[in-house]
Amino acid sequence: MLKRKYGKIEWWRGTTDEVMIGAILTQQTRWENVEKAIHRLRKQNLCSMAAIDSTEWNNLEKTIKSTGFYRIKAARLKSLASHVLERYGGIERMAQQSTNNLRENLLGVYGIGEETADSILCYGFSRPCFVIDAYTKQICRCAGATMESSALKTEFEKVLPQDFAVYQQVHAHIVEYAKEYCVKKRCNECKIPTLNG
DNA sequence: GACCAGGTCCTTG
DNA sequence: CAAGGACATGGT
(Lines give C-alpha, C1' and ligand atoms only; values in the text may rest on other atoms or scores of the structure.)
Protein backbone atom coordinates (compact mmCIF):
# COMPACT_ATOMS: atom_id res chain seq x y z
CA MET A 1 0.00 0.00 0.00
CA LEU A 2 2.61 2.48 -1.08
CA LYS A 3 0.39 5.33 -2.02
CA ARG A 4 2.88 7.80 -3.34
CA LYS A 5 0.31 9.42 -5.56
CA TYR A 6 0.12 12.29 -3.11
CA GLY A 7 3.86 12.73 -2.82
CA LYS A 8 5.42 14.00 0.34
CA ILE A 9 2.86 15.75 2.44
CA GLU A 10 4.00 18.47 4.79
CA TRP A 11 1.54 19.15 7.52
CA TRP A 12 2.60 21.17 10.48
CA ARG A 13 5.93 22.58 9.42
CA GLY A 14 5.77 25.04 12.32
CA THR A 15 7.26 25.12 15.78
CA THR A 16 6.21 22.71 18.49
CA ASP A 17 4.05 25.39 20.03
CA GLU A 18 2.31 25.97 16.75
CA VAL A 19 1.71 22.29 16.26
CA MET A 20 0.07 22.06 19.65
CA ILE A 21 -2.10 25.06 18.92
CA GLY A 22 -3.05 23.71 15.51
CA ALA A 23 -3.82 20.29 16.93
CA ILE A 24 -6.49 21.78 19.15
CA LEU A 25 -7.85 24.20 16.61
CA THR A 26 -8.28 21.51 13.97
CA GLN A 27 -10.57 19.41 16.14
CA GLN A 28 -13.64 18.76 14.00
CA THR A 29 -12.56 21.59 11.72
CA ARG A 30 -11.14 22.03 8.22
CA TRP A 31 -7.46 22.83 8.10
CA GLU A 32 -7.95 25.88 5.87
CA ASN A 33 -9.92 27.55 8.62
CA VAL A 34 -7.29 26.66 11.14
CA GLU A 35 -4.59 28.27 9.00
CA LYS A 36 -6.45 31.55 8.98
CA ALA A 37 -6.57 31.50 12.74
CA ILE A 38 -2.89 30.65 13.00
CA HIS A 39 -1.96 33.55 10.73
CA ARG A 40 -3.96 35.85 12.96
CA LEU A 41 -2.29 34.43 16.04
CA ARG A 42 1.12 34.94 14.46
CA LYS A 43 0.37 38.55 13.71
CA GLN A 44 -0.32 39.09 17.39
CA ASN A 45 2.63 37.02 18.52
CA LEU A 46 0.29 34.57 20.16
CA CYS A 47 1.84 31.41 18.77
CA SER A 48 3.51 30.32 21.97
CA MET A 49 2.28 28.70 25.14
CA ALA A 50 3.49 31.66 27.20
CA ALA A 51 1.59 34.12 25.04
CA ILE A 52 -1.57 32.03 25.05
CA ASP A 53 -1.34 31.80 28.79
CA SER A 54 -1.09 35.52 29.34
CA THR A 55 -3.40 36.95 26.71
CA GLU A 56 -6.97 38.01 27.41
CA TRP A 57 -9.63 35.36 26.91
CA ASN A 58 -11.64 37.74 24.87
CA ASN A 59 -8.80 38.40 22.52
CA LEU A 60 -7.98 34.72 22.15
CA GLU A 61 -11.56 33.84 21.33
CA LYS A 62 -11.82 36.58 18.77
CA THR A 63 -8.60 35.56 17.07
CA ILE A 64 -9.50 31.90 16.63
CA LYS A 65 -13.11 32.50 15.72
CA SER A 66 -12.73 31.18 12.18
CA THR A 67 -12.16 27.67 13.49
CA GLY A 68 -15.56 27.35 15.10
CA PHE A 69 -16.17 26.16 18.66
CA TYR A 70 -14.07 29.17 19.51
CA ARG A 71 -15.09 29.46 23.13
CA ILE A 72 -14.37 25.87 24.02
CA LYS A 73 -11.17 25.90 21.98
CA ALA A 74 -9.97 29.00 23.77
CA ALA A 75 -10.51 27.15 27.02
CA ARG A 76 -8.59 24.15 25.72
CA LEU A 77 -5.68 26.28 24.54
CA LYS A 78 -5.57 28.00 27.89
CA SER A 79 -5.61 24.74 29.78
CA LEU A 80 -2.82 23.31 27.63
CA ALA A 81 -0.71 26.44 27.96
CA SER A 82 -0.99 26.59 31.72
CA HIS A 83 -0.29 22.88 31.96
CA VAL A 84 2.89 23.17 29.92
CA LEU A 85 4.12 26.14 31.88
CA GLU A 86 3.27 24.81 35.31
CA ARG A 87 4.39 21.27 34.78
CA TYR A 88 7.50 21.82 32.66
CA GLY A 89 8.18 25.51 32.71
CA GLY A 90 8.41 25.49 28.94
CA ILE A 91 8.72 23.45 25.77
CA GLU A 92 12.41 22.75 26.21
CA ARG A 93 11.92 20.80 29.41
CA MET A 94 8.86 19.16 28.00
CA ALA A 95 10.82 17.90 25.00
CA GLN A 96 13.16 15.99 27.30
CA GLN A 97 10.42 13.77 28.68
CA SER A 98 9.80 10.25 27.49
CA THR A 99 7.06 9.68 24.96
CA ASN A 100 4.97 7.67 27.38
CA ASN A 101 5.19 10.31 30.04
CA LEU A 102 4.22 13.03 27.64
CA ARG A 103 1.28 11.06 26.37
CA GLU A 104 0.00 10.31 29.84
CA ASN A 105 0.25 13.93 30.82
CA LEU A 106 -1.29 15.27 27.66
CA LEU A 107 -4.27 12.96 28.03
CA GLY A 108 -4.85 14.47 31.44
CA VAL A 109 -5.17 17.96 30.01
CA TYR A 110 -8.68 19.29 29.47
CA GLY A 111 -9.58 19.20 25.79
CA ILE A 112 -6.91 16.76 24.71
CA GLY A 113 -8.02 13.29 23.71
CA GLU A 114 -6.13 10.47 22.07
CA GLU A 115 -6.00 11.90 18.59
CA THR A 116 -4.88 15.34 19.65
CA ALA A 117 -2.27 13.91 22.01
CA ASP A 118 -0.85 11.62 19.34
CA SER A 119 -0.84 14.41 16.76
CA ILE A 120 1.14 16.60 19.10
CA LEU A 121 3.60 13.81 19.82
CA CYS A 122 4.05 12.72 16.24
CA TYR A 123 4.08 16.07 14.47
CA GLY A 124 5.21 18.38 17.26
CA PHE A 125 7.69 16.29 19.20
CA SER A 126 8.77 13.92 16.43
CA ARG A 127 7.83 10.80 18.38
CA PRO A 128 6.76 7.52 16.77
CA CYS A 129 3.15 7.78 17.86
CA PHE A 130 0.67 6.77 15.18
CA VAL A 131 -2.42 8.95 14.88
CA ILE A 132 -5.83 7.32 14.46
CA ASP A 133 -8.50 9.73 13.33
CA ALA A 134 -12.04 9.35 12.06
CA TYR A 135 -10.86 8.82 8.48
CA THR A 136 -8.39 6.13 9.46
CA LYS A 137 -11.03 4.34 11.44
CA GLN A 138 -13.42 4.51 8.55
CA ILE A 139 -10.93 3.23 6.00
CA CYS A 140 -10.00 0.35 8.28
CA ARG A 141 -13.64 -0.46 8.84
CA CYS A 142 -14.23 -0.54 5.10
CA ALA A 143 -11.25 -2.85 4.78
CA GLY A 144 -12.75 -5.20 7.34
CA ALA A 145 -10.83 -4.12 10.42
CA THR A 146 -13.48 -3.25 12.97
CA MET A 147 -11.46 -2.47 16.05
CA GLU A 148 -11.19 0.29 18.58
CA SER A 149 -8.87 3.19 17.92
CA SER A 150 -6.37 2.10 20.52
CA ALA A 151 -6.16 -1.38 19.01
CA LEU A 152 -5.71 0.09 15.55
CA LYS A 153 -2.96 2.33 16.83
CA THR A 154 -1.15 -0.65 18.32
CA GLU A 155 -1.56 -2.53 15.07
CA PHE A 156 -0.17 0.26 12.90
CA GLU A 157 2.76 0.73 15.24
CA LYS A 158 3.51 -2.97 15.09
CA VAL A 159 3.40 -3.17 11.31
CA LEU A 160 5.21 0.06 10.44
CA PRO A 161 8.86 0.83 11.16
CA GLN A 162 9.20 2.83 14.37
CA ASP A 163 9.87 6.10 12.63
CA PHE A 164 7.94 9.29 13.27
CA ALA A 165 8.56 10.52 9.72
CA VAL A 166 6.95 7.39 8.35
CA TYR A 167 3.99 7.75 10.71
CA GLN A 168 3.52 11.33 9.64
CA GLN A 169 3.43 10.45 5.97
CA VAL A 170 1.27 7.37 6.30
CA HIS A 171 -1.32 9.14 8.39
CA ALA A 172 -1.39 12.08 6.01
CA HIS A 173 -1.79 9.78 3.04
CA ILE A 174 -4.62 7.92 4.66
CA VAL A 175 -6.47 11.14 5.30
CA GLU A 176 -6.02 12.38 1.73
CA TYR A 177 -7.08 9.01 0.42
CA ALA A 178 -10.19 8.95 2.57
CA LYS A 179 -11.14 12.46 1.60
CA GLU A 180 -11.03 11.41 -2.00
CA TYR A 181 -12.84 8.11 -1.84
CA CYS A 182 -15.06 7.99 1.20
CA VAL A 183 -18.62 9.16 0.97
CA LYS A 184 -19.52 10.85 4.21
CA LYS A 185 -19.61 8.36 7.02
CA ARG A 186 -21.51 5.63 5.30
CA CYS A 187 -19.28 2.73 4.45
CA ASN A 188 -21.71 1.03 2.13
CA GLU A 189 -21.51 3.99 -0.21
CA CYS A 190 -17.77 4.36 -0.21
CA LYS A 191 -15.95 4.09 -3.52
CA ILE A 192 -12.69 2.83 -2.15
CA PRO A 193 -10.64 0.96 -4.77
CA THR A 194 -8.80 -2.18 -3.79
CA LEU A 195 -6.03 -1.46 -1.37
CA ASN A 196 -2.93 -2.64 -3.15
CA GLY A 197 -0.01 -1.35 -5.20
C1' DG B 1 -31.02 25.94 3.50
C1' DA B 2 -28.87 21.51 4.63
C1' DC B 3 -24.83 19.16 5.61
C1' DC B 4 -20.20 18.53 7.18
C1' DA B 5 -15.34 19.35 8.96
C1' DG B 6 -7.97 15.78 10.64
C1' DG B 7 -12.74 15.64 18.43
C1' DT B 8 -13.69 15.98 23.17
C1' DC B 9 -16.54 16.36 27.13
C1' DC B 10 -20.71 15.60 29.67
C1' DT B 11 -25.02 13.43 30.54
C1' DT B 12 -28.12 9.30 30.25
C1' DG B 13 -29.70 4.62 30.00
C1' DC C 1 -19.69 0.96 28.37
C1' DA C 2 -22.66 2.92 24.17
C1' DA C 3 -25.18 6.52 22.44
C1' DG C 4 -26.57 11.21 21.96
C1' DG C 5 -26.04 16.11 22.41
C1' DA C 6 -23.29 20.43 22.74
C1' DC C 7 -19.90 23.22 21.01
C1' DA C 8 -19.99 27.29 16.19
C1' DT C 9 -17.83 29.12 12.02
C1' DG C 10 -17.05 28.67 7.04
C1' DG C 11 -17.30 26.19 2.69
C1' DT C 12 -20.04 23.47 -0.91
Side-chain angles (χ1 to χ4, degrees), chain A residues 3 6-14 16 18-41 52 57-83 103-127 129-142 146-153 156 164-192:
Chain A
K3 269 287 166 191
Y6 300 109
K8 197 179 270 181
I9 298 179
E10 298 216 28
W11 281 350
W12 316 105
R13 69 190 73 173
T16 301
E18 280 180 4
V19 172
M20 294 200 285
I21 292 166
I24 286 179
L25 294 184
T26 198
Q27 290 172 349
Q28 195 65 18
T29 303
R30 295 172 188 278
W31 182 250
E32 304 84 66
N33 293 332
V34 174
E35 278 194 318
K36 291 178 197 160
I38 292 190
H39 285 319
R40 285 158 153 251
L41 288 169
I52 294 279
W57 278 78
N58 214 339
N59 186 42
L60 183 56
E61 290 181 356
K62 198 172 49 177
T63 311
I64 65 174
K65 204 160 190 177
S66 68
T67 68
F69 302 133
Y70 61 88
R71 247 179 276 172
I72 203 167
K73 283 177 181 172
R76 291 174 180 180
L77 287 175
K78 282 281 195 184
S79 84
L80 174 59
S82 69
H83 172 83
R103 196 173 131 90
E104 285 291 306
N105 290 324
L106 284 171
L107 288 176
V109 176
Y110 169 75
I112 297 192
E114 307 228 325
E115 181 181 340
T116 306
D118 290 336
S119 294
I120 289 173
L121 289 171
C122 188
Y123 292 92
F125 288 94
S126 301
R127 306 301 175 91
C129 224
F130 196 81
V131 181
I132 303 293
D133 66 341
Y135 283 133
T136 308
K137 251 185 288 186
Q138 184 183 355
I139 290 243
C140 290
R141 197 155 27 102
C142 291
T146 55
M147 350 167 41
E148 294 291 322
S149 296
S150 55
L152 276 178
K153 174 176 158 69
F156 272 101
F164 75 90
V166 172
Y167 287 12
Q168 290 180 356
Q169 289 300 303
V170 171
H171 175 244
H173 282 134
I174 287 176
V175 172
E176 292 308 317
Y177 193 75
K179 279 186 187 169
E180 187 170 349
Y181 293 109
C182 290
V183 179
K184 297 176 190 169
K185 300 202 166 157
R186 289 179 292 243
C187 279
N188 52 353
E189 294 178 24
C190 286
K191 302 173 281 191
I192 299 179

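So you know, we letter chains A, B, ... as the sequences are listed, proteins then strands, and number each from 1.
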Checklist entry - Which is it for A:Gln27 and A:Arg76 under the side chain to side chain contact (heavy atoms under 4.5 Å, CB included) test, yes or no, and what are the steps along the way? => result CA-CA 11 Å; A:Gln27 290 172 349; A:Arg76 291 174 180 180; 2.7 Å; yes
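- In this structure, A:Phe130 atom CZ and B:dG6 atom C1' are separated by 12 Å, rounded to whole Å.
- We find that CG of A:Leu107 is positioned 9 Å from P of B:dC9, with the value rounded to whole Å.
- Across the protein-nucleic acid pair, A:Tyr177 atom OH and B:dG6 atom P stand 18 Å apart, rounded to whole Å.
- For the pair A:Gln27 and B:dG7, the criterion of a side-chain N or O lying under 4.0 Å from OP1 or OP2 is not met.
- Checking A:Ser150 against A:Glu114 by side-chain atom types alone, no donor-acceptor pair falls below 3.5 Å.
- A side-chain donor-acceptor contact under 3.5 Å links A:Tyr123 to the backbone of A:Gln168.
- For DNA chain C, the span of nucleotides reached by chain A at under 4.0 Å from its heavy atoms goes, 5' to 3', from C:dC7 to C:dG11.
- A heavy atom closer than 4.0 Å to some atom of DNA chain C occurs in A:Lys65, A:Ser66, these being the qualifying members of residues 58-66 of chain A.
- Contacts of residues 69-83 of chain A with DNA chain C (heavy atom under 4.0 Å): A:Phe69, A:Tyr70, A:Arg71, A:Ile72.
- Under the rule for a salt bridge (charged side-chain N to carboxylate O under 4.0 Å, His left out), A:Glu115 has no partner lying at least two apart in sequence or in another chain.
- For A:Tyr110, the side-chain atoms get nearest to B:dC10 when compared with the rest of B:dG7, B:dC10, B:dA5.
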Item to check | side chain to side chain contact (heavy atoms under 4.5 Å, CB included) assessment of A:Phe125 paired with A:Met20 | outcome: CA-CA 10 Å; A:Phe125 288 94; A:Met20 294 200 285; 4.2 Å; yes
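- Look at A:Asp118 and A:Arg103 and you find a salt bridge, because one of the NZ, NE, NH1 or NH2 atoms lies within 4.0 Å of a carboxylate O, short of that distance.
- B:dC9 atom P lies 10 Å from atom CD1 of A:Ile24, rounded to whole Å.
- C:dT12 sits 13 Å from B:dG6 when the P atoms are compared, rounded to a whole Å.
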Checklist entry - Using Watson-Crick and G-U wobble pairs with both distances under 3.5 Å, what is the 5'-to-3' dot-bracket string of DNA chain B, with [ ] for crossing pairs and | for pairs outside the strand? => result .||||.|||||||
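- Within the 4.5 Å cutoff, side-chain heavy atoms of A:His83 are placed close to those of A:Asn105.
- Checking side-chain atoms of A:Ser66 against main-chain N and O of A:Asn33 turns up a donor-acceptor pair under 3.5 Å.
- In terms of the side chain to side chain donor-acceptor pair (under 3.5 Å) criterion, residue partners of A:Thr63 (sequence neighbours excluded) are, by chain and number, A:Gln44.
- Between the CG atom of A:Asn33 and the C1' atom of B:dC4 there is a distance of 12 Å, rounded to whole Å.
- Comparing the P positions of B:dC4 and C:dG5 gives an interatomic distance of 14 Å, to the nearest angstrom.
- Taking the P atom of each, B:dT8 and C:dG10 are spaced 22 Å apart, rounded to whole Å.
- Under the 30°/60° scheme for interplanar angles, the aromatic rings of A:Phe130 and A:His171 are found to stand perpendicular.
- Residue A:Asp118 contributes atom CG, which lies 13 Å from atom C1' of B:dG7 at whole-angstrom precision.
- Side-chain N or O atoms of A:Ser79 include one that pairs as donor or acceptor with a backbone N or O of A:Tyr110 at under 3.5 Å.
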Next on the checklist: Checking A:Thr116 against A:Ile120 for the side chain to side chain contact (heavy atoms under 4.5 Å, CB included) test, could you report, in this order, the C-alpha distance in whole Å, the side-chain angles of both residues, the deciding distance, and whether it holds?
Outcome noted: CA-CA 6 Å; A:Thr116 306; A:Ile120 289 173; 4.2 Å; yes
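- Mapped onto DNA chain B by nearest heavy atom, A:Gly111 and A:Val175 fall at different nucleotides, with A:Val175 at the one closer to the 5' end.
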